[in-house]
Amino acid sequence: MAGSQRYLRYILIAVITIVVILFISASSGVGPGGQYTQKATDLLKDPGSIYKGSQDHTVLVKGSDSEPVVSEDAKLPQHTEGSHLPTQSSSPNPQSSSLGSGQNVLPSKAPGARMNATFVTLARNSDVWEISRSIRQVEDRFNHAYNYDWVFLNDAEFDDTFKKVTTSLTSGRARYGKIASEHWGFPDFIDQEKAKKVREDMHERKIIYGDSVSYRHMCRYESGFFFRHELMQEYEWYWRVEPSIELFCDIAYDPFVFMADKKKKYSFVLSLYEYVETIPTLWDSVKGFMAKHPEHIVSDNSMGFLSDDGGISYNHCHFWSNFEIGNLNWLRSQAYIDYFDHLDRDGGFFYERWGDAPVHSIAAGLMLKKEEIHFFNDIAYYHVPFTHCPTGEQTRLDLKCHCNPKDNFDWNGYSCTKRYFEVNKMSLPEGYEKEQ
């Protein structure tokens, strides 16, 4: 009996000891794994709070350029506001693998040098959740290992919610710029009454975006101005990303490096025929440009992709520009600027409804050599309503794709991708017959 009582005392002491230890751990806030946790609400209220001493490292120094200067003891990039860019800001995300008390949130980085490149997105504050989906797709499938910058452009100021949410998702710097008013509006040579009548007519004919003023401003801006924005001047390469896109496969290499190494200047994943009703005189304007500037038309171009009769008429094929990776120096070239200015003066962005996709595509088809344009079969992409799913089962398996090959638009009768292969005398990928 005495022995039983002794064992009961030992058990009671042990239980009390365990309770005391658990109480102390809970009170200190550092239980098992506690050093790796932080409330999500705290991060949303102040993303900078995850950086130790983040407010102490960035100093704005007045001078000729008023560039932010980071002290030598800063261990992580900080949120900076350039005083010389009143309508722009830059929000560097951590490039280190440790945050705060040691939270390891970034995977190992891909080896090799990075190109002078950025993602670029035209968005409004109301697009925040749609573009968040796109950012997460791009980061998970590619950029988490490369940390390229992201430039967001808007015709209004970005609000705090947009900045906080997008900054938290990007692994490189998130930068925010306001579009100049002269680049987002009616130029002075446009007849406003004529443009209004066109919109009313297109509305009656139920042409998509036919009555939209903002859509026309967007198409004109993407055609001739996004690459001139002050933030974009710092880069040589761009990758355009739209809200609500999806990437279905891992991208296991750097497309920017590929483009530079292979001397490519423009790329696409989807191609199709443009709505005839939106561009009735676009090719007339293009022919006027070719007659005025024959020096800008290169030999061995892709006229065969654009025309079935050697340039007399346009077959309406174009690369879908909501995805494109390209060279900014080409867009800034005198050839492209002359091309855009000629089209702009003809007024088709407002008197019709010229899209930036055919404008970019025609420029690439005429002013770049065939081998300077690239089709990324291995970058699987969706933008409503079309899907590019890589042709080739082994490719899809190797890249961990989750797209249904039956949804692939490439070999659909309304796609122009087969024409691209024919013009470039390339063999069609194995298995394309099953997707027609």
Taking side chain to side chain contact (heavy atoms under 4.5 Å, CB included) as the test, write out the residues that go with Tyr414, two or more places apart.
Leu272, Tyr273, Phe409, Asn412
Residues at least two apart in sequence or cross-chain that pass side chain to side chain donor-acceptor pair (under 3.5 Å) with Trp239, listed by chain then number, are none
Report the residues that fulfil side chain to side chain contact (heavy atoms under 4.5 Å, CB included) with Asp346, sequence neighbours left out, ordered by chain and then residue number.
Ser285, His342, Trp354
I'd like to check the side chain to side chain contact (heavy atoms under 4.5 Å, CB included) partners of Ser302; sequence neighbours left out, ordered by chain and number.
Phe305, Lys370, Ile373
Enumerate the residue pairs fulfilling disulfide bond (SG atoms under 2.5 Å apart) with a member in residues 198-230, sequence neighbours excluded, ordered by first and then second residue.
none
Got a sec, which pairs hit disulfide bond (SG atoms under 2.5 Å apart) with one end in residues 237-350, sequence neighbours left out?
Cys249-Cys401, Cys317-Cys416
With Tyr382, which residues qualify under ring pair (Phe, Tyr, Trp, His ring centres under 6.0 Å), at least two apart?
none
Can you sort out the partners of Glu372 under side chain to side chain contact (heavy atoms under 4.5 Å, CB included), two or more places apart, ordered by chain and number?
Lys265, Leu368, Lys369
In chain order, what residues pass the side chain to side chain donor-acceptor pair (under 3.5 Å) check against His217, with sequence neighbours excluded?
none
Check ring pair (Phe, Tyr, Trp, His ring centres under 6.0 Å) between Trp330 and all other residues, then give those that pass, not counting sequence neighbours.
Tyr336
Using the disulfide bond (SG atoms under 2.5 Å apart) rule, collect all pairs that involve residues 145-200, keeping only residues at least two apart or in two chains.
none
Partners meeting side chain to side chain donor-acceptor pair (under 3.5 Å) with Asp338 (sequence neighbours left out):
His296, Gln334
